[in-house]
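Below is one structure, written out as structure tokens; the observations come after it.
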Amino acid sequence: MASKTSIIKAVKGMNDVLPDQTGLWQQVEQLCQELFAQFSYRQIRTPIVESTSLFARSIGEDTDIVSKEMYTFADRNNDSLTLRPEGTASTVRAGIQNGLFYNQQQRLWYVGPMFRYERPQKGRYRQFHQIGVECYGWQEPDIEAEVLSMTQALFERLGLKNTQLHINSLGDQASRAAFRQALVDYLSQHQSSLDEDSQRRLNSNPLRILDSKNPTTQSILEGAPSILDYLNPQSQSRFERLQAYLTALGLEFTISPQLVRGLDYYNDTVFEWINTEFGAQSTVCGGGRYDGMVAQLGGQATPAFGFGMGLERLIQMLQEQSDNALSEPQAPDVFLVSLGSPGREIALTLQAQLVNAGCRVLCHMGEGSIKNQFKRADKSGASVALIVGDDEAQAETVGLKILRKQAAESTQEQQSIAYNQVVDVVTNLLKTL
Ligand code: ATP
Ligand code: MG
């Protein structure tokens with residue numbers, strides 16, 4: 001009688017990336033890596049787990065992330081730890097701890113899983129992956145233009161279409177304080193109509209209300225004052241300089257005065273790349289300037305600018321577009337058909353030799369008729385089949401059959417080649433196919 005064993009499933013909102021998908025992921029990650037290296041950015045790798053206080057102090061206690069989305073737990077020593085919900089705080093922590101900011105400038109990038117306890121839906125998961133860029137030590141908006149130019153180049157290389165760049169300026173501390181007061185004055189008149197979260201934030205963090213997705217709150221916000229009317233001359237001027245750089249780069253943008261982003265730490269420039277054809281979770285990449293964070297986490301004041309890009313969203317967007325720049329997974333060059341143990345011993349040896357010579361090889365394992373193995377060889381998409389049966393093993397020869405004929409003159413017939421010439425013959429043949 002079959003025993004009833006319950007099946008353990010992945011945690012809700014946390015996905016397996018299956019082998020049919022990993023090729024795509026690898027291509028996207030590789031393309032990012034190559035492009036970032038071309039722009040002279042270097043990778044940083046930080047732990048997935050950090051002290052909870054790191055995120056509370058940097059992201060802000062009253063953000064959705066810190067107030068209700070973090071995976072926080074006590075370890076065996078009763079220290080409060082958190083699975084990182086984003087990559088910026090860890091990068092700053094690592095930079096301070098390792099002296100990366102002192103009298104230096106850094107162009108950095110990272111990639112890896114992030115964790116947020118959100119309601120899972122399309123483009124929104126509890127474990128997701130970000131690739132991010134962070135720059136330290138540059139005050140001027142030229143670095144912002146460089147980073148935005150890099151994101152544009154990335155979308156072009158990936159062939160991602162229908163992306164729009166939205167930018168805004170939150171101003172410096174003084175501009176923000178003036179705007180904050182005006183916003184509170186306006187919203188207080190509509191207090192009872194605001195959604196619950198927004199009512200609470202009216203005192204604690206009114207700017208965050210601009211990010212509310214509640215439709216009634218959104219309609220009230222249409223009459224709200226604009227942050228852009230409260231920028232002081234310095235913030236105004238640097239926002240204009242950024243726009244001039246973007247225009248010089250030929251980078252189109254929309255100014256969105258309500259763009260504030262979901263984390264508290266930004267000042268001056270904030271931006272988002274939106275995919276206009278992707279429904280509710282349309283932001284693929286978001287970031288901005290966060291000059292206060294390094295000092296807030298105990299380092300020496302350091303200007304900072306960066307972004308995080310959601311890889312699940314990026315990959316889903318590419319998949320929904322048929323004409324992206326990603327290639328099909330590569331089929332093997334050679335499929336090794338073998339019969340019996342002597343045949344398989346030779347097949348395994350040939351596999352090692354061919355791999356050493358740079359070929360992609362798929363070696364049949366176990367018993368199976370020649371007919372059945374040839375079916376698998378065809379299905380694998382391999383260019384060439386090599387056959388080692390009992391006769392071949394005896395004669396120290398190998399059968400060779402071309403499966404995917406491209407060159408018109410090449411023959412479809414099976415040929416017999418001497419065992420010690422297989423690697424030369426196959427590698428030369430593959431060059432002609
Ligand atoms: P959103 O407004 O969509 O919630 P966010 O402002 O919380 O995004 P950030 O914290 O700035 O996003 O993260 C940067 C990017 O990471 C987002 O633009 C998005 O592409 C991706 N991202 C954020 N949260 C998730 C999630 N739960 N699942 C998948 N991707 C996510
Ligand atoms: Mg969010």
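Just so you know, ligand 1 is whichever comes first in the structure, and atom 1 is the first atom listed for that ligand.
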Item to check | Q281 heavy atom under 4.0 Å from ligand 1 | outcome: no
Checklist outcome for this item: For G310, the ligand 1 atoms with a heavy-atom partner under 4.0 Å come out as 15 (C), 16 (O), 20 (O), 21 (C)
Next on the checklist: Can you confirm if the NZ or CZ of K401 lies within 45° of the ring axis of F335 and under 6.0 Å from the centre of its six-membered ring?
Outcome noted: no
Item to check | Aromatic Y117 / basic R126 pairing, under 6.0 angstrom, 45° off normal | outcome: yes
Checklist entry - Is the F101 ring parallel, tilted or perpendicular to the Y136 ring (thresholds 30°, 60°)? => result tilted
Next on the checklist: I'd like to know whether ligand 1 has E86 as a neighbour, heavy-atom separation below 4.0 Å.
Outcome noted: no
Item to check | ligand 1 versus V284: contacting region, heavy-atom distance under 4.0 Å | outcome: backbone
Checklist entry - Would you say E272 has any N or O atom under 3.5 Å from an N or O of ligand 1, going by distance alone? => result no
Checklist entry - Do E312 and ligand 1 have an N or O pair less than 3.5 Å apart? => result no
Checklist entry - Hey, is CD on Q173 packed in by over 12 heavy atoms from elsewhere, all under 6.0 Å? => result no
Checklist entry - With under 30° as parallel and over 60° as perpendicular, where do the rings of H190 and Y186 fit, or are they tilted in between? => result tilted
Checklist outcome for this item: In ligand 1, the atoms that come under 4.0 Å of a heavy atom of Q130 are 13 (O), 14 (C), 15 (C), 16 (O)
Next on the checklist: Under 4.0 Å from a heavy atom of G308: which atoms of ligand 1 are those, numbered in the order shown and with their elements?
Outcome noted: 14 (C), 15 (C)
Checklist entry - Relative to each other, are the rings of Y265 and Y290 parallel, tilted or perpendicular (30° and 60° limits)? => result tilted
